[in-house]
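Here's the structure we're looking at; comments come further down.
Every chain is numbered from 1, with letters handed out A, B, ... down the list of sequences.
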Amino acid sequence: MPELPEVETTRRGLAPHVCGATVTGVVVRNRALRQPVTRNLARILSGRRIDALERRAKYLLFRAGDGSLIVHLGMSGRLWLVNANTPPARHDHFDLAFGNGRIVRLRDPRRFGLVLWHRGDPLMHKLLREIGPEPLSAALTAEWLYRQTRTRSGAIKNALMDSHLVAGVGNIYANEALFRARINPKLPARRIGLARYAVLVDKIRETLTEAIEAGGSSLRDYVNSAGEAGFFQNRFFVYGRGGDACLTCTTPIRGFVLGQRATFYCPRCQR
DNA sequence: CTTTTGACCTGACAGC
DNA sequence: TGCTGTCAGGTCAAAA
């Protein structure tokens with residue numbers, strides 16, 4: 001479900017309600033996520049104050065004293081605020097309750113998400129340590145992408161979705177950014193020069209920024225922390241538009257599978 | 001080292 | 001109605 005814009009939208013919605021708030025309770029209804037939910041979370045978290053809610057790639061980091069709660073939404077996860085009297089539904093696996101009467105609730109039907117406590121710096125956690133530069137910060141540069149791809153013969157779209165190269169770019173936004181940069185998703189990453197990488201970095205930022213401003217993309221089930229849908233899906237140039245006319249040149253958008261993921265591009269605009 | 005494949009899991013939908 | 005097959009926004013480990 002969520003790529004960087006959806007996670008960031010969630011973070012922005014939750015932050016005002018959880019930052020400075022004290023955890024009063026934790027409910028784990030199903031520990032069987034992608035990795036088992038950390039044991040004894042209620043004991044670890046109760047009485048702690050959330051100092052900050054941050055995002056790194058698609059991970060949410062609830063910083064709390066000498067450790068952090070790391071939450072990932074996987075493919076189908078959503079995290080939103082409910083009142084203390086809201087009964088849990090079928091796939092509501094995890095609750096973080098606060099003294100202000102509000103609960104942050106995780107619903108994740110496919111259970112590819114994560115809820116992990118990490119003592120110390122969460123950025124040093126095994127799953128986060130090796131992640132590449134954040135695309136919305138100055139850390140991502142054309143030079144970085146250029147240098148890192150000199151030995152990569154694989155398709156640029158697969159490279160973009162490699163979290164060690166760039167953080168947070170998933171299938172939808174890889175497709176959309178490549179369209180905007182006019183780069184064919186199949187093009188071997190090593191055959192792209194510095195100038196084109198500069199355009200690509202620019203278009204990745206532009207796409208992600210617009211998506212965040214639109215509240216993310218709601219395809220099946222994504223909603224923000226208040227339960228509202230995003231509307232960036234109405235502004236896709238290529239994703240899910242196979243057979244439809246390119247919005248720039250009217251050539252039919254082509255859809256195929258690349259690296260086990262649905263891929264869409266305009267064969268005329270993208271070379 | 002890079003690249004590909006399979007695995008994890010449920011729900012929605014198309015087609016018969 | 002109900003069955004079967006396919007697909008879905010992520011990511012990792014293992015194999016090639």
Write down the distance between CZ (A:Arg55) and P (C:dG10), rounded to a whole number of angstrom. 14 Å
A:Leu127 CG - C:dT11 C1' separation (whole Å): 9 Å
Pair listing, ring-ring contact (aromatic ring centres under 6.0 Å, His included) test, anchored in residues 20-73 of chain A, at least two apart: A:Tyr59-A:His72
Do A:Gln260 side-chain and B:dG6 base share a donor-acceptor contact under 3.5 Å?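 Per atom types, the contact qualifies.
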Over 60° means perpendicular and under 30° means parallel, so tell me whether A:His118 and A:His125 are parallel, tilted or perpendicular. perpendicular
Under 3.5 Å for both pairing distances: what stems, at least three Watson-Crick or G-U pairs long, include DNA chain B? B:2-8 with C:10-16, B:10-16 with C:2-8
Would you call A:Glu176 and A:Arg180 a salt bridge, taking side-chain N to carboxylate O under 4.0 Å as the test? no
Heavy atoms only, 4.0 Å cut-off, all strands: where does [X] land among base, sugar-phosphate and nothing?
{"X": "A:Phe232", "answer": "nothing"}
{"X": "A:Tyr239", "answer": "sugar-phosphate"}
{"X": "A:Ala32", "answer": "nothing"}

Kindly point out which of C:dA13, C:dG10, B:dC9 is positioned nearest to the side chain of A:Lys126?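 Among C:dA13, C:dG10, B:dC9, the one nearest the side chain of A:Lys126 is C:dA13.
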Minimum-distance nucleotide to A:His91 side chain [options: C:dG10, B:dG11, C:dA8]: B:dG11
Tell me whether the OP1 or OP2 atom of [N] has a side-chain N or O from [X] closer than 4.0 Å.
{"X": "A:Arg261", "N": "C:dG10", "result": "yes"}
{"X": "A:His164", "N": "B:dT2", "result": "no"}
{"X": "A:Arg111", "N": "B:dT10", "result": "yes"}
{"X": "A:His72", "N": "C:dT11", "result": "yes"}

For residues A:Tyr197 and A:Thr149, is any side-chain donor paired with an opposing acceptor at under 3.5 Å?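 The answer is yes; a qualifying pair exists.
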Regarding A:Asn184 and A:Lys157, is there a side-chain donor-to-acceptor distance under 3.5 Å anywhere?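 No pair is found: no donor N or O on one side chain lies under 3.5 Å from an acceptor on the other.
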Answer yes or no as to whether B:dC8 has its base stacked against A:Phe112, where stacking requires a ring-centre separation under 5.5 angstrom and planes under 30 degrees apart.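 Ring-base stacking flag set for A:Phe112 and B:dC8.
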Strand-adjacent residues in residues 148-158 of chain A, judged by heavy atoms under 4.0 Å from DNA chain B: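 Contacts with DNA chain B under 4.0 Å: A:Thr151, A:Arg152, A:Ser153, A:Gly154.
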Taking the P atom of each, how far is C:dC3 from B:dC9, in whole Å? 23 Å
